[in-house]
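Here's the structure we're looking at; comments come further down.
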Amino acid sequence: DGGITQSPKYLFRKEGQNVTLSCEQNLNHDAMYWYRQDPGQGLRLIYYSQIVNDFQKGDIAEGYSVSREKKESFPLTVTSAQKNPTAFYLCASSITPPNNSPLHFGNGTRLTVT
Amino acid sequence: AQKVTQAQTEISVVEKEDVTLDCVYETRDTTYYLFWYKQPPSGELVFLIRRNSFDEQNEISGRYSWNFQKSTSSFNFTITASQVVDSAVYFCALSEANAGNNRKLIWGLGTSLAVNP
């Protein structure tokens with residue numbers, strides 16, 4: 001079964017620590033995305049990648065970093081520079097940029113930083 | 001500027017009632033795409049429908065139907081005979097075809113639907 005796997009489902013970190021969220025897809029999709037979801041704020045785009053070894057900042061990239069060394073993988077690092085990292089993080093992929101095809105989402109990672 | 005408005009933050013219905021979720025969008029582009037996604041309590045967003053701006057035909061899929069009206073810039077979603085499993089947050093989204101390299105979806109804030117037994 002093809003899909004997107006995000007791990008872990010829940011993640012707890014102390015303030016000041018960097019943390020990396022995993023996202024793996026076996027759908028053979030070129031494009032991958034990271035979204036942040038906060039209560040009452042909908043989805044906000046952090047980073048996206050349309051092809052291996054290339055990625056672009058989204059609307060709220062500050063305090064985050066990504067890499068795209070393999071087509072299947074798009075890990076997100078939440079750095080200590082991110083002021084409010086506690087949130088629900090969703091990874092997604094698509095065949096082409098989103099205006100042509102729907103996004104496929106993972107189950108999300110809920111990050112809590114104390 | 002592009003914008004998607006889902007004015008209903010929360011809706012609560014009793015099972016078997018029909019319910020309509022509103023979506024109003026703003027765009028200056030003549031070519032665009034509209035989407036609906038469902039987010040159940042498990043967290044994963046599930047794609048429901050995509051509609052391009054040149055296709056104003058309404059669509060029906062089982063108990064789900066969508067009414068696209070360019071004259072009012074609306075793309076409303078109706079669930080007929082709602083069921084408890086329909087309880088979720090529903091998102092409407094807009095994508096402009098000519099957004100260049102920075103293509104991205106514009107999301108509404110979502111409507112939380114609770115279907116009570």
Side-chain angles (χ1 to χ4, degrees), chain A residues 1 3-11 21 23 25 27 29-51 54-61 87-111, chain B residues 1-10 21 23-25 27 29-55 59 61 66 88-112:
Chain A
D1 250 353
I4 297 180
T5 301
Q6 289 187 242
S7 60
K9 191 171 178 65
Y10 298 95
L11 192 53
L21 281 59
C23 178
Q25 55 102 355
L27 299 166
H29 286 172
D30 288 313
M32 296 187 74
Y33 313 80
W34 274 105
Y35 284 93
R36 170 178 171 144
Q37 187 176 23
D38 296 281
Q41 292 203 41
L43 275 71
R44 292 183 290 170
L45 183 67
I46 304 172
Y47 268 99
Y48 64 100
S49 168
Q50 296 185 13
I51 197 169
D54 183 60
F55 48 82
Q56 306 293 329
K57 291 182 180 180
D59 298 318
I60 55 166
F88 187 55
Y89 292 88
L90 285 157
C91 179
S93 70
S94 69
I95 299 172
T96 60
N99 53 315
N100 290 329
S101 65
L103 295 177
H104 297 253
F105 283 86
N107 285 331
T109 293
R110 190 167 297 279
L111 173 64
Chain B
Q2 318 94 319
K3 188 178 178 182
V4 174
T5 300
Q6 294 180 256
Q8 305 146 307
T9 306
E10 294 180 0
L21 283 60
C23 174
V24 174
Y25 62 92
T27 178
D29 211 348
T30 56
T31 304
Y32 51 89
Y33 296 80
L34 294 162
F35 300 79
W36 275 96
Y37 285 84
K38 173 183 179 180
Q39 185 178 36
S42 60
E44 175 184 356
L45 272 83
V46 177
F47 165 74
L48 296 178
I49 190 171
R50 176 187 63 200
R51 174 67 79 231
N52 75 55
S53 51
F54 297 108
D55 183 2
E59 174 129 354
S61 176
W66 290 269
V89 180
Y90 291 87
F91 290 94
C92 181
L94 163 72
S95 177
E96 292 184 337
N98 298 321
N101 287 331
N102 189 25
R103 296 186 179 106
K104 57 183 181 181
L105 286 173
I106 310 298
W107 295 85
L109 296 184
T111 296
S112 178

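The figures here come from the full heavy-atom set of this structure, side chains too, leaving out hydrogens, waters and symmetry mates. Convention: sequence-line order gives letters A, B, ...; per-chain numbering from 1.
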Bottom line for A:Leu90: the part with an atom under 4.5 Å from chain B's heavy atoms is side chain
If one checks every heavy atom of B:Gln39 against chain A at 4.5 Å, the contacting part turns out to be side chain
Comparing B:Leu45, B:Thr9, B:Leu109 against chain A, the one with the most heavy-atom pairs below 4.5 Å turns out to be B:Leu45
Query - Whether B:Ser53 side chain and B:Thr30 backbone form a donor-acceptor pair below 3.5 Å - result: yes
* Using modelled atom types only, decide if a donor and an acceptor are shared between the side chain of B:Thr5 and the backbone of B:Ala7 within a distance under 3.5 Å. => no
**Q.** Main-chain N/O of B:Tyr90 paired to B:Gln6 side chain as donor or acceptor, under 3.5 Å
**A.** yes
Q. Under 3.5 Å, side chain of A:Gln6 to main-chain N/O of A:Tyr89, donor-acceptor pair present?
A. yes
